[in-house]
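Numbering of residues begins at 1 and proceeds along the displayed sequence.
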Amino acid sequence: MGANSSSISELPENEYLQKLSGSEPISENDPFWNQLLSFSFTTPTNSADLKLLEEATISVCKSLVEKNPRTGNLGSLIKVFLSRTKELKISAECQNHLFIWQAHNALFIICCLLKVFISRMSEEELQLHFTYEEKAGPSSYGTECEDLIEELLCCLIQLIVEIPLLDITYSISLEAVTTLIVFLSCQLFHKEILRESIIHRYLMHGRCLPYTSRLVKTLLYNFIRQERSPPPGTHVFQQQTDGGGLLYGIASGVATGLWTVFTLGGVGSKASAQLEQCSPLASQSLLLLLVLANLTDTPDTPNPYRQAIMSFKNTQDNTAFSSSNPHAFQINFNSLYTALCEQQKSDQATLLLYMLLHQNSNVRTYVLARTDIENLVLPILEILYHVEERNSHHVYMALIILLILTEDDGFNRSIHEVILKNITWYAERVLTEISLGSLLILVVIRTIQYNMTRTRDKYLHTNCLAALANMSAQFRSLHQYAAQRIISLFSLLSKKHNKVLEQATQSLRGSLGSNDSPLPDYAQDLNVIEEVIRMMLEIINSCLTNSLHHNPNLVYALLYKRDLFEQFRTHPSFQDIMQNIDLVISFFSSRLEQAGAELSVERVLEIIKQGAVALPKDRLRKFPELKFKYVEEEQPEEFFIPYVWSLVYNSAVALYWNPRDIQLFTMDSG
């Protein structure tokens, strides 16, 4: 098969692939492997070509599935790979391209075959393909069986954590991460969450377990470094004048066409932006980290990868590790924070930020102490602002991150001290100067309004209002536009309340004369809208009772729209909370009347500022402090595991799965 005569359609007839998938066992010492593994290759380009490749080689894979239990050729290929990896570390240090090149080629073929095997058989069947028998010597009886899965998994983890990341090792490091994802991809082909899995067991016990924290640390550092993919050719074995030419001749003369075709399609993303991905290793490492962190606990062992994520510390932290936690390690928090700030456009990075803030108290404490918190909060606000363009899961994660941050009073105070200039992505109004706190309020209110008119998701409402409630006692120097939007939202809720009330009344009248049609559940709608109105009144009240003198713009907006609140003064659900708001409106209204008619905005604000000092605070009724804490739902894996795998399906580099085979999620949720 020459370099110029190959096409994808010819792959099933390729002599090397035919021999690999044929009836004859191939010893791991056979020269065949040198020929199969010695080809140069071009960088993968797109998932469409990878799809064609998979369809073309399916006959080869089917033949291997059928004959491998007798030939053990998959096992031989894996043993060849394992033997090559023993020299990888030294090869990297000595810049020996040959070993790295052949090991990479072997792993690429293993990964391609594994992906097809896993999508077409159970784990038990897969395990049989990895179990090979060696004939025992004359002095013993029976056979000696060895399972290669654990050996291969352990080898891949060692490769990721021990091989230095250089231009010549970049591709094999990426392939090792990819192969681990493929090993775990059996979850894609099950509707239910896998709680018992052979692969999970190997990764969470036995020989792989001691590498847990090193693997998590390496994957995090791969994400942090965002190392660019090396230029094409740097990872290919180069022809040497002092020998090795014969092997290179085989590579370029015999098998180049096979390899070029074998890797035509590489990027499994459905989004074109992924095609220009400059750091495939960073992206793939993050996906693997998310998959590992979301493996379910076994009855006797909590997930060690999640344990490692929960407990790592800053390299600046000199406190001793608890001896009870074998998974603890240290990482540079400043580098991690910078990477998280820069990468929030991707679902994966937002999900990682959520996990770290929610599960690792060391990271949360560090983030809340940063003096440049706007670098993290602004990208999160931008996700919420572009809610129409984001999937609902990404919006949830961004919102929950805000909720977790607003649980901290220091955060709620400091965001009003950070002044921002010219927020270009905020299109409703030109914001030449605004505090981070006021911008956060604007974006959250906009999210609530979007949700009211479009998705009507109660969960989204609840989290938005909880974040505002947590902040409300610390509102400071609210921007006039933020103050207006708070009251405008209340106005919108008030109109909605009146409309539902009217519909309920009409429906009740109509039902008196007819028994045919069931009543729409207006009572439930009314109950939901009244809960939201109550919450908004509590937020306004919390600001007025705790920081009225800091917020003249909110008092101004309240007075300007005072008629809105009239109907709720005597409403049994709101009477108590309305007392304080009513008192503030009456107090400032009377001071404005005394000042005369035709007052300018500046004069009104001046009167409000003076009145804030004179307001008798003891007449304001005390209410419990508004505080909401984020708590994960029971069985969070039912949400997170399909979400993580939809990200893998959509964003993984050099991976393609047939959408018809996917069982875990419906294709429009990916």
Side-chain angles (χ1 to χ4, degrees), residues 78 82 111 114 117-118 122-128 130-131 146-162 176-190 192-223 284-312 321-329 331 351-352 355-356 358-360 632 635-645 647-648 664:
I78 289 165
L82 293 172
C111 188
L114 256 183
F117 274 48
I118 285 169
S122 69
E123 279 195 311
E124 288 72 22
E125 290 174 283
L126 180 70
Q127 199 169 25
L128 292 175
F130 274 80
T131 306
E146 185 181 342
D147 189 340
L148 274 175
I149 293 182
E150 185 172 31
E151 203 174 336
L152 179 55
L153 287 169
C154 204
C155 174
L156 292 172
I157 292 172
Q158 287 172 324
L159 197 160
I160 293 165
V161 302
E162 291 178 355
V177 172
T178 302
T179 308
L180 281 177
I181 291 174
V182 167
F183 256 122
L184 290 158
S185 66
C186 49
Q187 177 64 79
L188 280 171
F189 312 107
H190 292 81
E192 70 287 351
I193 303 301
L194 289 181
R195 296 176 193 280
E196 289 289 323
S197 159
I198 293 165
I199 307 300
H200 295 185
R201 198 161 61 242
Y202 283 130
L203 286 170
M204 298 207 280
H205 299 87
R207 290 172 57 189
C208 294
L209 189 61
Y211 293 96
T212 301
S213 59
R214 287 178 69 192
L215 179 57
V216 169
K217 183 176 183 175
T218 304
L219 294 174
L220 273 172
Y221 268 127
N222 285 349
F223 165 70
Q284 208 87 322
S285 295
L286 178 52
L287 289 171
L288 176 58
L289 183 64
L290 295 174
V291 169
L292 291 170
N294 285 285
L295 296 178
T296 53
D297 297 336
T298 57
D300 54 337
T301 318
N303 176 345
Y305 300 95
R306 191 181 306 125
Q307 297 292 108
I309 282 171
M310 288 168 69
S311 55
F312 70 82
F321 283 111
S322 162
S323 56
S324 63
N325 187 354
H327 306 302
F329 63 91
I331 206 163
L351 182 52
L352 176 65
M355 276 170 39
L356 294 177
H358 177 53
Q359 297 175 6
N360 189 314
E632 259 185 4
Q635 296 190 305
E637 65 276 8
E638 299 288 342
F639 171 86
F640 285 105
I641 290 176
Y643 180 31
V644 167
W645 278 106
L647 296 179
V648 173
L664 180 62

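Side-chain atoms of L290 and M355, non-hydrogen and from C-beta on, do get closer than 4.5 Å to each other. Here the side chains of L184 and V648 are not in contact, with every heavy-atom distance at 4.5 Å or above. Under the 4.5 Å side-chain criterion, counting only non-hydrogen atoms from C-beta, W645 is in contact with I181. Side chains of L220 and I309 form no contact here, defined as non-hydrogen atoms less than 4.5 Å apart. With contacts defined as side-chain heavy-atom distances shorter than 4.5 Å, the pair L180/L292 does not qualify.
In terms of heavy-atom proximity, L352 sits nearest to L286 at CD2-CD1, 3.7 Å. Closest of all the heavy-atom pairs between L82 and L152 is CD2-CA, 4.3 Å. Heavy atoms only, all atoms of each residue included: E125 and S122 are closest at OE1-N, 2.9 Å. The shortest non-hydrogen separation linking F189 to I118 is CD1-O, 3.9 Å. Residues C208 and L153 come closest through the heavy atom pair SG-CB, 4.1 Å. Residues A308 and V216 approach most closely at CB-CG2, 4.0 Å, considering heavy atoms.
In this structure, L188 CG and H190 NE2 are separated by 10.5 Å, a value rounded to the nearest 0.5 Å. For the atom pair Q284 CD and L289 CG, the distance stands at 12.5 Å (nearest 0.5 Å). Once rounded to the nearest 0.5 Å, the distance linking CD1 of I641 with CD1 of I193 reads 4.5 Å. We find the CG-CD distance between N303 and E637 to be 11.0 Å, quoted to the nearest 0.5 Å. Interatomic distance, CG of L287 versus CZ of F223, reported as 11.0 Å (0.5 Å rounding).
With sequence neighbours left out, the side chain to side chain contact (heavy atoms under 4.5 Å, CB included) criterion links P210 to no other residue. Residues forming a salt bridge (charged side-chain N to carboxylate O under 4.0 Å, His left out) with E638 (at least two apart in sequence, or on another chain): R195. Applying the side chain to side chain donor-acceptor pair (under 3.5 Å) test to Q127 and every residue at least two apart in sequence or in another chain returns D147, Y202. Residues meeting the side chain to side chain contact (heavy atoms under 4.5 Å, CB included) test with N360, sequence neighbours left out: F312, N362, V363. Every residue meeting the side chain to side chain contact (heavy atoms under 4.5 Å, CB included) condition with C111, not counting sequence neighbours, appears here in chain and number order: E175, T178, T179, V182. Remark: E123 engages C186, S197, I198, I199 in a side chain to side chain contact (heavy atoms under 4.5 Å, CB included) (not counting sequence neighbours). Shown here are the side chain to side chain donor-acceptor pair (under 3.5 Å) partners of H205, two or more places apart in sequence or in another chain: T301. Residues passing the ring-ring contact (aromatic ring centres under 6.0 Å, His included) test with F640 are Y354, sequence neighbours excluded. Every residue two or more places apart in sequence or in another chain was checked for a side chain to side chain donor-acceptor pair (under 3.5 Å) with Q187, and none qualifies.
The side-chain hydrogen bond (donor to acceptor under 3.5 Å, both in side chains) contacts involving residues 211-222 comprise Q158-Y211, N222-S285, where partners must be two or more places apart or lie in separate chains. Applying the salt bridge (charged side-chain N to carboxylate O under 4.0 Å, His left out) definition to pairs two or more places apart or across chains, none involves residues 199-210.
In this structure, the side chain of Y305 engages the main chain of L203 through a donor-acceptor pair within 3.5 Å.
Each of T296, D297, N294 was checked for a side-chain hydrogen bond (donor to acceptor under 3.5 Å, both in side chains) with R306, and the lone residue meeting it is D297.
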